[in-house]
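One structure is given below, encoded as structure tokens.
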Amino acid sequence: MDDKGLQQLSRRIGEQLVQRQATVTAAESCTGGWIAKVFTDINGSSAWFAQGFVTYSNQAKQQMVGVQADTLARHGAVSEETVREMAAGARRTAAAEYGIAVSGIAGPEGGTADKPVGTVWFAIAGPDGEVLTQRRVFAGDREAVRRQSVAFALQTLLDEFLIN
């Protein structure tokens, strides 16, 4: 998805959040703040984008959004368990209705047999405490993996939580 597509998607999310009088936050690892950037590209997004967390290191995941050290030790930064805690912790810390979390291996290095380059875990925490998690493996270079991750996270928030 190109920049224009990401902006259109962000605008739709914003419209839905305004209708619900709700806010969203993001805890981002491999996307490095790209979700926050796309949201804040939209004029008026301060009405629905609470704040963002770039939790690139394990220490940041623990300090900023409350991921447990044991979770990271047992499952790693790129795992369902970690993004689940990231999304819930970001939502709680920002006092937002929705929390998005992304953690993955964008490459070109860092992949393993179990977690190849392009592996990304997503979690979205909703206002009722529900947390949806999904794993995807994207193809392409570092930027392509990151761009696809942003698009997937935003589309999932819209489809699974905002237009149902």
Qualifying residues under side chain to side chain contact (heavy atoms under 4.5 Å, CB included), relative to A69, sequence neighbours excluded:
Q62
Expected list for residues 95-109: side-chain donor-acceptor pairs under 3.5 angstrom, two or more places apart:
{"unit_1": "E97", "atom_1": "OE1", "unit_2": "T23", "atom_2": "N", "d": "2.7"}
{"unit_1": "E97", "atom_1": "OE1", "unit_2": "T23", "atom_2": "OG1", "d": "3.0"}
{"unit_1": "S103", "atom_1": "OG", "unit_2": "A77", "atom_2": "O", "d": "2.8"}

How would you list all residue pairs meeting salt bridge (charged side-chain N to carboxylate O under 4.0 Å, His left out) that involve residues 115-133, not counting sequence neighbours?
none
May I have all residue pairs that pass salt bridge (charged side-chain N to carboxylate O under 4.0 Å, His left out) and include part of residues 141-158, sequence neighbours excluded?
D3-R147, E143-R147
Does the side chain of Q7 reach to within under 4.5 Å of the side chain of I42, using non-hydrogen atoms?
yes
Are any side-chain N or O atoms of Q16 and backbone N or O atoms of I163, one a donor and one an acceptor, separated by less than 3.5 Å?
no
By side chain to side chain contact (heavy atoms under 4.5 Å, CB included), which residues pair with R136, not counting sequence neighbours?
F122, Q134, F138, F152
Applying side chain to side chain contact (heavy atoms under 4.5 Å, CB included), can you list everything that pairs with E85, at least two apart in sequence or on another chain?
V67, Q68, T71
Of all residues at least two apart in sequence or in a different chain, which pass the side chain to side chain donor-acceptor pair (under 3.5 Å) check with T82?
S79
All side chain to side chain donor-acceptor pair (under 3.5 Å) counterparts of T31, not counting sequence neighbours:
E28
Across all chains, not counting sequence neighbours, the side chain to side chain contact (heavy atoms under 4.5 Å, CB included) partners of A90 are T25, A27, F53, V65
Under 3.5 Å, side chain of Q148 to main-chain N/O of A144, donor-acceptor pair present?
yes
For residues 54-81, which residue pairs qualify under salt bridge (charged side-chain N to carboxylate O under 4.0 Å, His left out), counting only residues two or more places apart or in two chains?
D70-R74, E80-R84
Only pairs at least two apart or in different chains count here, so list each salt bridge (charged side-chain N to carboxylate O under 4.0 Å, His left out) that has a residue in residues 39-59.
K37-D41
If hydrophobic clusters are built from ILVMFWY residues whose side chains come within less than 4.5 Å, do M1 and I13 share one?
yes
For T156, what residues pass the side chain to side chain donor-acceptor pair (under 3.5 Å) criterion, not counting sequence neighbours?
none
So does E15 get a backbone contact from the side chain of R20, meaning a donor-acceptor N/O pair under 3.5 Å?
no
